[in-house]
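What follows is one structure encoded as structure tokens, with my remarks underneath.
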2 protein chains.
Amino acid sequence: MSVTIKDIAKLAGVSHTTVSRALNDSPLINPETKERIKAIAGSMNYTPNYSARSLVLDRSYNLGLFFTTLHTGTSAGFLYEAVKGVNDVIKDDYNLIVRGIDDYKSFHKVNRKNFDGIIVMSQSESDQSFIEYASDKEIPLVVLNRPVESVQVMNFVPDDQSGAYRLTEYLVQQGHRKIAIIEGKKGFKSTQARRDGYREALRKHGISVPESFYVSGNYDLESGHAAMSRLLELPDRPTAVFCCNDDMALGAVKAVTERGMSVPEDISVAGFDDHLFSAFMSPALTTVRRPIEEISRAGAEKLLNFIEKKHSEKSVVLFRTELVVRDSVKSI
Amino acid sequence: MSVTIKDIAKLAGVSHTTVSRALNDSPLINPETKERIKAIAGSMNYTPNYSARSLVLDRSYNLGLFFTTLHTGTSAGFLYEAVKGVNDVIKDDYNLIVRGIDDYKSFHKVNRKNFDGIIVMSQSESDQSFIEYASDKEIPLVVLNRPVESVQVMNFVPDDQSGAYRLTEYLVQQGHRKIAIIEGKKGFKSTQARRDGYREALRKHGISVPESFYVSGNYDLESGHAAMSRLLELPDRPTAVFCCNDDMALGAVKAVTERGMSVPEDISVAGFDDHLFSAFMSPALTTVRRPIEEISRAGAEKLLNFIEKKHSEKSVVLFRTELVVRDSVKSI
DNA sequence: AATAGCATTGTTAACGTGTGCATTTCTATG
DNA sequence: CATAGAAATGCACACGTTAACAATGCTATT
């Protein structure tokens, strides 16, 4: 069926070992023999059987890009940027296998035979047992998006807390004191980091807000809409709302306009993430930019380095988040 | 290092073949021996070496989900729905390898040894040589999104043309006669299908529009914004604009509101795709829903069926698109 | 007890490739 | 020409697993 090195060996009148040497640039072969063999392999469209090589070399040439979950709380933009960033680095040298960690009935299919390395795009601690398992198996591992302390891994994390701090400080500088927050999905570390940044900025400026100014969301449009509806019904309404991602901000703005009120004239709204659509909302959204594609690219480069060099070290790299001021916040 | 069936055989006092039989539910083994072996394998955390199995069984347990390109013209929502739909079907029985076809320097790494099957999410004819190559190699193949005639493949296609027809007809029924179109990325088949549906509806109603009512876009927010800006500068302005996807519609709406005009009071806007954000735009977008996740799920099921049963047939399944009426179109 | 048939288990080889060590060939030197 | 050393090539085995066919053991029947 497929061409094997034995087929080539027959035609070239050499052993299969010599064919292997020729195709792998071994120094132990005569250059003329090598070129002859390569020409025959080319004319026969030979492709190595990667299963056979994997078996002998103890390599799979698979990389995992594993998300905590693909079922809920993962926005389309997030997945897109991660896949794109990693693919740009690995090209066609590796197979990129995309999966939700919660899709595994059991982790034991994940081992060094099947994956040369894994990038975990971590959204919550519910993937912690997976990270510990993978580290224990000594699979080359990079964790993006969430800091992990209990395991010796390379970690690339956007600085959500200071992004949220800076955004809340900006709201304060615009004169706002009644600032509410629509939080992200419960249990996600990004939810906590953004809330912490918000609280820290309030504390810094000696501002206290009522408990009713903390409303839970689920990182999606619907929950943003519902949360804003609740805030708009408060007797003492906030003047500004920090939505912990842009999807929820879009839902929140919709809830405002549905009541015949407008953003930012009646209430200011800010988001987090700077998705592609954010600049095109009406009004254009003030938000914080998180470089997910850049983080994914850096993580993939580091992982490839680890795999090829067998060298790893515990490190945490914080990626700078950036305040993006547009039109959705009014100065009062 | 890893546990092999030979290690288990030693402990169980049987041959490695008997271990293989036990773990693969062969009828050729005593049930008691089988349970004893399974218990030992479990306690040793045995995992098969998939490379070895692949080599013997001539299977890779890899499925490709290949997009024409991941570089431009592919929206985040599109990628997300496709990945999610396929993953929901294959679970952890197969590795899902996600890639852009234009990332391949050469296709010859794609063969039956490395992929049990491939789903091509086709956006344009630029992937035609790949589809022909894969079909020629007799790799089980399913093509989604674009009809392919020259190759015997299973095809799952959303009915873009009748969706666009129905939307344009709706605009006509709301009293619009000056209907412009912001087209999609040049060369994409979806671009042509949507334009054809639009033209067919105009023709059916005996409406003709000037050439200036056909403006090119690139399926992204920016090009929608730019195209609408051009339409708004025409001396004889359209009363309604059909944007060939929702991303461009969002950009178009932004261009309208930037001029102090409003949608739908001054000009009506419609989109295509029904992305998650579309219901939350101000105004909520009238659009056409394409069931990408459903198509991806059906394609994956069919491909698995093909792989397991070795049976395939040329077929084209059209998936119904659906007009979704919201608030962005005014009756005049 | 002998025989036949069935169930169970094991031997051997295969899958395609890479590599350690043995063998052969070639070249340079005395 | 003989010898030593280097270069080139090949043999044999390994990797982990599955399966064809052979061998062995058990049971039922005559």
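Chain letters run A, B, ... following the sequence lines, proteins first, then strands; residues in each count from 1.
Atom CD of B:Glu32 is separated from atom P of D:dC26 by 13 Å (rounded to the nearest Å). For the pair A:Lys113 NZ and D:dT17 C1', the computed distance is 12 Å after rounding to whole Å. Between the P atom of C:dG18 and the CG atom of A:Leu23 lies a distance of 8 Å, rounded to the nearest Å. Note: CG (A:Leu55) to P (C:dT17) measures 12 Å, nearest angstrom. As rounded to whole Å, 14 Å separates atom C1' of D:dT17 from atom CG of A:Asn114. Across the protein-nucleic acid pair, A:Asp58 atom CG and D:dC15 atom P stand 11 Å apart, rounded to whole Å. As a whole-Å value, the separation of B:Arg21 CZ from D:dC21 P is 13 Å. Residue A:Leu57 contributes atom CG, which lies 11 Å from atom P of C:dT17 at whole-angstrom precision.
Counting any heavy atom pair closer than 4.0 Å across all strands shown, B:Val19 reaches no nucleic acid atom. Counting any heavy atom pair closer than 4.0 Å across all strands shown, B:Tyr50 reaches no nucleic acid atom. Within the nucleic acid shown, B:Thr33 comes within 4.0 Å of sugar-phosphate atoms alone, with no base atom in reach, counting heavy atoms only. Within the nucleic acid shown, A:Ile29 comes within 4.0 Å of sugar-phosphate atoms alone, with no base atom in reach, counting heavy atoms only.
For A:His16 and C:dG16, a side-chain-to-base donor-acceptor distance below 3.5 Å is absent, hydrogens and geometry of angles not being considered. Residue-to-nucleotide contacts include a donor-acceptor pair under 3.5 Å from the side chain of B:Thr17 to the base of C:dT11.
For the residue pair B:Thr68/B:Asp127, the side-chain donor-acceptor check at 3.5 Å is satisfied. No hydrogens or angles considered: nothing links the side chains of B:Gln128 and B:Ser122 as a donor-acceptor pair under 3.5 Å. Checked by atom type, the side-chain pair B:Ser60/B:Tyr50 shows no donor-acceptor distance below 3.5 Å.
In terms of phosphate contacts, B:Asn30 brings no side-chain nitrogen or oxygen within less than 4.0 Å of OP1 or OP2 of C:dA7.
In the set D:dC15, D:dG10, C:dG18, the nucleotide with an atom closest to the side chain of A:Arg53 is C:dG18. For A:Asn24, counting side-chain heavy atoms from C-beta on, the closest listed nucleotide (D:dA8, D:dT18, C:dG18) is C:dG18. Checking D:dT17, C:dT17, C:dT11 against the side-chain heavy atoms of B:Thr4 singles out D:dT17 as nearest.
A:Thr18 places no side-chain N or O within donor-acceptor distance of the main-chain N or O of A:Val14, the cut-off being under 3.5 Å.
Both the sub-6.0 Å distance and the 45° axial angle are not jointly satisfied by B:Arg112 relative to the ring of B:Phe115.
Mapping B:Thr18 and B:Val56 onto DNA chain C via the closest heavy atom, the residue that lands nearer the 5' end is B:Thr18.
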